[in-house]
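In the text below, chain A, chain B and the rest are named by the order of the sequence lines, each starting its count at 1. Worth saying up front: this structure is predicted, and the values here are computed from it rather than measured.
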2 protein chains.
Amino acid sequence: MFSALFKYCSQLVSFTREEQQIIESYFSIRQVPKKFTLIQNGKIARELYFINKGLLRLYYTKDTEDITAFIFREHLFASSYDSFLRQAPSIQGLDTLEDAELLVITYDDLNTLYKKVPRMEILARKIAEQRFINAQLILSSYILDSPEERWKKFEATNGDLLLRVPHHMIASFLGITPVSLSRIRKRLQGS
Amino acid sequence: MFSALFKYCSQLVSFTREEQQIIESYFSIRQVPKKFTLIQNGKIARELYFINKGLLRLYYTKDTEDITAFIFREHLFASSYDSFLRQAPSIQGLDTLEDAELLVITYDDLNTLYKKVPRMEILARKIAEQRFINAQLILSSYILDSPEERWKKFEATNGDLLLRVPHHMIASFLGITPVSLSRIRKRLQGS
DNA sequence: AAATTTTCTTTACAAAAGTTAATGAAACCC
DNA sequence: GGGTTTCATTAACTTTTGTAAAGAAAATTT
């Protein structure tokens, strides 16, 4: 139940058995169906999730349309991270795309945990750093690459998601319309 | 000399006098002229800078052209952050845009400092979180806003930089060409 | 199984941004 | 101070993407 979590953490920080038990006691497990909204746009994200199973989608809502900000896979921490960190209303929503099993910790409990297990602070720093590096990577792709190049990279690194996620959600993640994605795919077919 | 640094830090963590003295001992001060390259694309960023005075520009190089990734003002930490954190070759360069006064700490010294002043770990986490939130903000503007809207926001929040930074550097930060920026500015003049 | 919704692609047209090149102004450098 | 480089704007033309609408295929619901 917690094995994936500690496997992930152990790459960053090594916890003792005791620390692991304290950490476990602060997380709860939750089964969530497909298409379930975990964090609603405008509300404060009170919880942080570790994905044991399933797929989550972070998205902006512009006018009446959803724009994908990120797709979280198994064995990652997920949240509307900036709302969670600042405890301010979220400008993003977070939904399940598939039935999911999540480990859940609240903001307050996480801060208590920092005090009980100070090494947790190091883990949190490293996760924040990783998320920064990741955001930076996506941003640099927006800056440097054309939509076509972004699609190619997405296909190469996340090809499996093409079968699990509707294309229009990927299109908006790439910063283009489904129409444009369809054109790009057609263009590339030929070559 | 260190007053701006501790003023900035005190918003995030409160250090004792002793801790401050240790921290000071790990930073050195450096005067750097305009147009000086602090971090070269392809090299590993070994240093982290706190800007006492001056303006720094982080940029990508695509083909022969520079594309601005970020402009750092006074009283901020600056580096090619992901290169510094991962100690991997940088895909960005960092230059001064003006004569600058910098407080400098190396990667190794920072890690020593984490051990001497554990509270520093909290500061580092919070700075990483802030930088993540910031990267997220820029990314969301790329996703949600048109170039015209991005320009308007830049003008509103960083209007002072328009006098300190050439427009073509701002244009590439906004993801457009100088030609396009000029058109946008003209379009908005009328309204 | 039929009906409904969602997803994906295509077409035609409009709008925006890129490209190249030219011009004038400003800043910089011996 | 004169010459050079850098910078900002404009124009003409091309390419790309967006928008709107329609139809086909797939998935979901009843």
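- A donor atom on one side chain and an acceptor atom on the other are found under 3.5 Å apart for B:Ser80 and B:Gln92.
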Filtered N/O pairs between nucleotides 16-19 of chain C and protein, under 3.5 Å:
residue : atom : partner  : partner atom : Å
C:dA17  : OP2  : B:Arg187 : NH2          : 3.2
C:dG18  : OP2  : B:Thr177 : N            : 3.4
C:dG18  : OP2  : B:Thr177 : OG1          : 3.1
C:dG18  : OP2  : B:Ser180 : OG           : 3.3
C:dG18  : N7   : B:Arg183 : NH2          : 2.7
C:dG18  : O6   : B:Arg183 : NH1          : 3.1

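- Note on residues 1-12 of chain B: no pairs pass salt bridge (Lys or Arg N to Asp or Glu O under 4.0 Å), not counting sequence neighbours.
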Solution key, residues 163-178 of chain B side-chain donor-acceptor pairs under 3.5 Å, sequence neighbours excluded:
residue  : atom : partner  : partner atom : Å
B:Arg164 : NE   : B:Glu98  : OE2          : 2.9
B:Arg164 : NH2  : B:Glu74  : OE2          : 3.0
B:Arg164 : NH2  : B:Glu98  : OE1          : 2.9
B:Ser172 : OG   : B:Thr68  : N            : 2.9
B:Ser172 : OG   : B:Thr68  : OG1          : 3.2
B:Ser172 : OG   : B:Met169 : O            : 3.2
B:Thr177 : OG1  : B:Ser180 : N            : 3.2

Once base and sugar-phosphate atoms are separated, protein heavy atoms under 4.0 Å mark nucleotides 23-30 of chain C, 5' to 3', with B, S and - as -----S--
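- Listed by first and then second residue, the salt bridge (Lys or Arg N to Asp or Glu O under 4.0 Å) pairs involving residues 123-132 of chain A are A:Arg125-A:Glu129, A:Arg125-B:Glu121 (not counting sequence neighbours).
- Between A:His168 and the phosphate of C:dT6, there is no side-chain N or O to OP1/OP2 separation shorter than 4.0 Å.
- Heavy-atom contacts of chain A under 4.0 Å fall on DNA chain D between two terminal nucleotides, which in 5' to 3' order are D:dT17 to D:dT28.
- Without hydrogens or angle criteria, A:Thr96 side chain to A:Lys35 main chain gives a donor-acceptor distance under 3.5 Å.
- You'll find the side chain of B:Glu47 stays beyond 4.5 Å of the side chain of B:Tyr107, heavy atoms only.
- Between B:Phe6 and B:Tyr8, the distance from one ring center to the other does not fall under 6.0 angstrom.
- Among the candidates B:Phe84, B:Phe50, B:Tyr49, the single residue satisfying the ring pair (Phe, Tyr, Trp, His ring centres under 6.0 Å) test with B:Phe77 is B:Phe50.
- Between the CG atom in B:Leu188 and the NZ atom in B:Lys186 there is a gap of 12.5 Å [rounded to 0.5 Å].
- Ionic pairing of A:Arg119 and A:Glu19 is present here: one or more N-O contacts between side-chain nitrogen and carboxylate oxygen are shorter than 4.0 angstrom.
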